[in-house]
Amino acid sequence: MAFSALRILKEGLTGNKGWQPHWRDPAPKEEYDVVIIGGGGHGLSTAYYLAKEHGITNVAVLEKGWIGGGNVGRNTTIVRANYMVPGNSEFYSHSLKLWEGLDADLNYNVMHSQRGQITIFNSDGARDAAMRRANAVINQGDDAELLSLGQLKKTLPYLDYDQTRFPIYGGMLYRRAGTARHDAVAWGLARGADRRGVDIIQNCEVTGIDTAGGVVQGVQTSRGAIRTKKVAIVVAGRSSQVAAMAGMRLPIESHVLQAFVTEGLKPCIDHVVSYGMLGHFYISQSDKGGLVFGGNLDGYASYAARGNLPMAEHVCEAAMTLMPMIGRAKMLRSWGGIMDMSSDGSPIIDKTHIDGLYFNGGWCYGGFKAIPASGNCYAHLIAQDRPHPAATGFRLDRFTTGRGLLDEEGTGSHHNLH
Amino acid sequence: MKIPCPLCGQRDSREFSYLGHASLMDRPAPDAGDAAWDDYLHNRENPAGVTEDLWSHDYGCAAWVVVTRNTVTHGILSARLAKEGTS
Ligand SMILES: Cc1cc2nc3c(=O)[nH]c(=O)nc-3n(C[C@H](O)[C@H](O)[C@H](O)COP(=O)(O)OP(=O)(O)OC[C@H]3O[C@@H](n4cnc5c(N)ncnc54)[C@H](O)[C@@H]3O)c2cc1C
Ligand SMILES: [Zn+2]
């Protein structure tokens with residue numbers, strides 16, 4: 001069933017009774033060509049591109065809960081391509097291009113909105129750093145524009161320009177950055193994969209990975225054993241537990257990141273706005289009108305999917321410092337997600353020491369924007385057993401060898417510093 | 001979260017800074033080899049459930065404290081001075 005304006009009109013006139021579920025609810029088969037563990041954005045995207053670009057359709061996505069219940073449905077949905085180090089830069093550039101075609105490609109409105117992101121700088125040093133990043137982004141073939149203080153005042157009149165605590169010097173505008181609708185991304189990819197024959201199996205937890213002589217044989221699940229020659233791990237915050245089923249130890253620590261949303265307001269914040277003085281703060285307005293914002297990790301290992309009050313207070317302080325008007329809005333909800341923090345702050349898409357076992361993870365707090373390219377590149381690796389050109393840097397052995405560390409923030413390969 | 005510092009008593013977690021899993025105290029010997037050092041520097045226990053991790057009481061007594069807590073519930077079970085060593 002394809003979506004079209006005509007279809008919406010017809011359904012609207014006939015009581016919306018003709019809509020069908022967007023994907024099937026199949027029972028697991030005994031054997032698949034590829035089993036993907038994890039039905040988050042990245043797992044669904046991997047299945048979609050395996051089917052679409054590699055013709056591999058005998059695929060199962062095994063999800064222990066419901067699709068969209070993990071980080072893909074819990075994040076602040078900022079999509080941008082302003083990474084700097086080689087390895088990251090071409091990957092996120094590739095991802096942004098895939099985003100730009102995603103609605104049409106999926107025939108599904110993922111509400112990708114390129115409203116522009118403005119990162120504000122509050123000192124000469126921060127402006128220099130912003131310029132350096134912007135030049136790297138321009139060199140990778142994307143765009144960035146410097147906004148003077150005067151231009152910024154016209155564009156974002158609601159910021160507190162009078163403060164002396166963190167005086168505002170200007171901003172960097174990434175016009176093609178923006179947001180997308182978190183669960184529509186999961187649903188659109190699920191529907192796209194399902195239509196090509198992929199089985200999306202919810203409430204199916206993987207409890208073991210079967211190997212023999214260093215070769216993958218299949219998986220054990222809460223719904224029985226499944227045979228397969230290729231297993232693709234892509235479970236975000238649960239990476240360490242699932243990899244341990246195959247005897248692996250990972251350079252990953254799971255942390256909680258919170259997000260906050262206010263009551264619905266009339267349109268007032270037209271862009272994604274961020275700044276990095278009080279830790280880190282970013283905000284956008286959802287299509288329902290809620291102001292969606294967040295900051296840094298709480299800062300300790302956690303699987304709680306909810307955070308604590310100190311970070312809530314800190315993020316609200318950062319919000320008030322930048323845009324005092326936000327103090328008039330009521331905060332409705334806050335929640336957390338489990339972040340797979342790698343030690344250099346960058347992701348991994350690679351084969352493992354076990355034949356037929358692949359690993360994708362370490363997305364930290366930035367994997368939503370990566371969803372199309374991560375699936376695209378992971379599918380390429382699984383289908384062809386060699387990395388996609390846009391993801392050659394995401395090697396698992398870079399931590400061991402020290403070669404090719406993707407240290408975007410210049411803090412070294414050190415847990416707890418990203 | 002409140003952390004029961006063995007020297008200062010129950011204190012707000014904001015007084016502490018976090019380092020990571022308590023196994024960081026088991027530093028390999030300088031000549032232990034690449035594999036041991038790689039594992040020590042990068043790989044992590046990362047348990048979902050009860051864990052022991054290192055917190056420094058920066059805004060208190062400045063001692064390193066090993067906190068036993070649950071990463072799933074955020075419950076804090078106990079704390080002891082790091083200088084007492086690993087359990
Ligand atoms: C508050 C917050 C804000 C964020 N903001 C942004 C942002 O603005 N921009 C951005 O780019 N990124 C952001 N992120 C990061 C982004 O959401 C994640 O990096 C990304 O969603 C992770 O990949 P995923 O979608 O596949 O993860 P998930 O949706 O978490 O998917 C993993 C899935 O694996 C399943 N699973 C785990 N174990 C098993 C098992 N044993 N068997 C079967 N299934 C299993 C889980 O149930 C889960 O559904 C944010 C994250 C959070 C929490
Ligand atoms: Zn103390």
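The figures here come from the full heavy-atom set of this structure, side chains too, leaving out hydrogens, waters and symmetry mates. Every chain is numbered from 1 and lettered A, B, ... according to where its sequence line falls, protein lines coming before strand lines.
- Of the two parts of Trp55(B), only the side chain, counted from C-beta on, holds a non-hydrogen atom closer than 4.5 Å to a non-hydrogen atom of chain A.
- Contact tally against chain B (heavy-atom pairs below 4.5 Å) for Ser302(A), Gly402(A), Ser343(A): the top residue is Ser302(A).
- Residues from residues 59-68 of chain B never place a non-hydrogen atom less than 4.5 Å from a non-hydrogen atom of chain A.
- Contact annotation for Leu250(A): only backbone heavy atoms (N, CA, C, O) come within less than 4.5 Å of a heavy atom of chain B.
- Counting all heavy atoms, side chain and backbone alike, Arg69(B) lies closest to Ala301(A) at NH2-O, 2.7 Å.
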Please evaluate residues Arg44(B) and Ser240(A) with respect to the criterion side-chain contact (heavy atoms from CB on, under 4.5 Å), reporting the C-alpha separation (whole Å), side-chain torsions for both, the decisive distance (0.1 Å), and the verdict. CA-CA 8 Å; Arg44(B) 285 294 174 266; Ser240(A) 298; over 6 Å; no
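- Heavy-atom neighbours of Leu309(A) CG from other residues, nucleotides or ligands within 6.0 Å: at or below the threshold of 12.
- Interface remark: Gln241(A) contributes side-chain atoms only to the contact with chain B (heavy atom separation under 4.5 Å).
- Among all heavy-atom pairs drawn from Thr73(B) and Arg306(A), the shortest one is O-NH2, 3.7 Å.
- For the atom pair Asn43(B) CG and Thr400(A) OG1, the distance stands at 7.0 Å (nearest 0.5 Å).
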Apply side-chain contact (heavy atoms from CB on, under 4.5 Å) to Arg14(B) and His314(A), showing your working. CA-CA 11 Å; Arg14(B) 272 177 285 195; His314(A) 180 84; over 6 Å; no
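- In plain terms, the two heavy atoms of Phe399(A) and His42(B) that are nearest each other are O-NE2, 3.1 Å.
- Here the closest heavy-atom approach between residue Arg238(A) and residue Ala48(B) is recorded as NH1-CB, 3.6 Å.
- In this structure, the separation between CG on Leu24(B) and NE2 on His415(A) is 8.5 Å, given to the nearest 0.5 Å.
- Minimum interatomic distance between Ile252(A) and Asn46(B) (heavy atoms only, all atoms of both residues): O-ND2, 3.3 Å.
- Of the residues considered (Asn70(B), Asp12(B), Asp39(B), Leu41(B)), Asp39(B) shows the highest number of contacts with chain A, using heavy-atom pairs under 4.5 Å.
- A distance-only check finds a donor-acceptor pair linking the side chain of Asn416(A) to the backbone of Tyr18(B) [under 3.5 Å].
- Within 6.0 Å of NE2 on His414(A) lie no more than 12 heavy atoms contributed by other residues, nucleotides or ligands.
- Counting non-hydrogen atoms of neighbouring residues, nucleotides and ligands closer than 6.0 angstrom, the CZ atom of Arg395(A) reaches no more than 12 such neighbours.
- Arg27(B) CZ: 12 or fewer foreign heavy atoms inside a 6.0 Å radius.
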